Amino acid sequence: MELNLATDLFGKLKTVIFGHGRSRTGKKATDADYLVKMNLPPLLGRRDAVYERFTQQFSLQLLEQEPHQRFESYRGLLELLNSAVRDTDAVVVTLSNADTSLRERRLLNYFELLAETLTAAAQLVCFENRMLTREESLDGFLAGDRTGKLKRRVNVFQDSEKKIVTCVADLIEMAEDSIRRHRDYTRKNFNAHNAARYHRAFADFSGIALS
């Protein structure tokens, strides 16, 4: 099946990874940002739940899928990360406490690193597809390639994609303790009312009830 990953789907990918625009950190809060501050508990609950869904959906087994399926898996994962980036970016602008702001900025950098790394894997799927679908049209143009050498060079992209996805898995594992501490810190700093709002939003977006 011929796939148009390098055009339409790659356009979707760029929208996902760059859709949140440039980070607004460092800018002054607007009226809209004050509304964000009023709704920090559910916003943080949603953000944490989105990341929880990301870690549940991410798996090295996605490498066993066909190219189109792999790309769609990457796209779905990137949409989740994009949501986490947007929410965290909105939170950072409203914070006045230096320690809390630093923690959120670090988390924002982590989410962006995951998204950028996963984007590289999705791009490699596009390159793999372009090489496979153009092999026949290039027959006779590339010297010595009449025996399918071009197709065998696809392994270069596949091997690189596997290493990148493994890197994402390593990043998730390395961040587990920090994510847990960050989440515990956030919950402990809410009063009973706001803690309930946080837990409700987390459960709504993740399907997991926090104790």
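Owing to the predicted nature of the structure, the values given are computational and were not obtained by experimental measurement. Hydrogens, waters and symmetry mates are skipped; everything else that's a heavy atom, side chains included, is used.
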**Asked** Do the non-hydrogen side-chain atoms of Arg197 and Asn39 ever get within less than 4.5 Å of each other?
**Response**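 Yes, their side chains come closer than 4.5 Å.
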
**Request:** Please determine, by modelled atom types, if Asn109 and Arg106 share a side-chain donor-acceptor pair under 3.5 angstrom.
**Result:**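 No.
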
**Request:** Start with the C-alpha distance between Leu77 and Phe54, add both sets of side-chain angles, then the distance that settles side-chain contact (heavy atoms from CB on, under 4.5 Å), and finish with yes or no.
**Result:** CA-CA 6 Å; Leu77 291 167; Phe54 168 80; 3.6 Å; yes

Compare every heavy atom of [Y] with every heavy atom of [X], then report the nearest pair and how far apart it is.
X: Phe190; Y: Thr186; value: CD1-O, 3.4 Å
X: Phe71; Y: Cys126; value: CE1-SG, 3.7 Å
X: Leu78; Y: Ala115; value: CD2-O, 3.4 Å
X: Val91; Y: Leu95; value: O-CG, 3.3 Å

**salt bridge (Lys or Arg N to Asp or Glu O under 4.0 Å) pairs, two or more places apart, involving residues 90-104** =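 Residue pairs with at least one partner in residues 90-104: Arg47-Glu104.
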
**Message:** Go through it in stages, so that I can follow the logic: the residues are Arg46 and Asp204, the test is side-chain contact (heavy atoms from CB on, under 4.5 Å), and I'd like the CA-CA distance, side-chain angles, deciding distance and then a yes or no.
**Reply:** CA-CA 8 Å; Arg46 181 180 70 182; Asp204 286 345; over 6 Å; no

**Donor-acceptor contact below 3.5 Å, side chain Thr88 vs main chain Val85** =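 No; judged by distance alone, with no hydrogens or angles, the pair does not exist.
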
**Request:** Please confirm whether the backbone N or O of Phe157 pairs with a side-chain atom of Ser160, one donor and one acceptor, at under 3.5 Å?
**Result:**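 Side chain of Ser160 to backbone of Phe157, a donor-acceptor pair under 3.5 Å: no, none is there.
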
**Prompt:** Do other residues, nucleotides or ligands put more than 12 heavy atoms under 6.0 Å from the CD atom of Gln65?
**Reply:**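 Check passes, neighbour count above 12.
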
**Prompt:** Counting heavy atoms not belonging to Arg53, are there more than 12 under 6.0 Å from its CZ?
**Reply:**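 It does not: Arg53 CZ has 12 such atoms or fewer within range.
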
Roughly how far, to the nearest 0.5 Å, is the [atom2] atom of [Y] from the [atom1] atom of [X]?
X: Glu161; Y: Phe127; atom1: CD; atom2: CZ; value: 11.5 Å
X: Phe58; Y: Tyr74; atom1: CZ; atom2: OH; value: 8.0 Å
X: Leu63; Y: Thr166; atom1: CG; atom2: OG1; value: 6.5 Å
X: Leu118; Y: Leu81; atom1: CG; atom2: CG; value: 6.5 Å
X: Thr119; Y: Leu114; atom1: OG1; atom2: CG; value: 10.5 Å
X: Thr100; Y: Arg105; atom1: OG1; atom2: CZ; value: 12.0 Å

**Message:** Is there a path of hydrophobic side-chain contacts, each under 4.5 Å between heavy atoms of I/L/V/M/F/W/Y residues, joining Val125 to Leu60?
**Reply:**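 Yes, Leu60 and Val125 fall within the same hydrophobic cluster.
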
**Message:** Membership question, hydrophobic clusters at under 4.5 Å side-chain separation (ILVMFWY): are Leu113 and Leu108 in the same one?
**Reply:**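 Leu108 and Leu113: one cluster.
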
Apply side-chain contact (heavy atoms from CB on, under 4.5 Å) to [X] and list each qualifying residue two or more places apart in sequence or on a separate chain.
X: Ala49; answer: Phe202, Phe205, Ser206
X: Ser83; answer: Val50, Arg86, Asp87
X: Lys163; answer: none
X: Gln158; answer: Glu128, Val154, Asn155

**Request:** For Asp184 and Arg187, run side-chain contact (heavy atoms from CB on, under 4.5 Å): C-alpha distance rounded to whole Å, both residues' side-chain angles, the deciding distance at 0.1 Å, then the answer.
**Result:** CA-CA 5 Å; Asp184 289 344; Arg187 293 163 59 188; 3.9 Å; yes

Solution key, residues 167-181 side-chain donor-acceptor pairs under 3.5 Å, sequence neighbours excluded:
from: Asp177; atom 1: OD1; to: Arg180; atom 2: NH1; distance (Å): 2.9
from: Ser178; atom 1: OG; to: Arg181; atom 2: NH2; distance (Å): 3.3

**Prompt:** Between Tyr51 and Tyr110, how do the two ring planes meet: parallel, tilted or perpendicular, split at 30° and 60°?
**Reply:**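 If you compare the ring of Tyr51 with that of Tyr110, the planes turn out perpendicular.
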
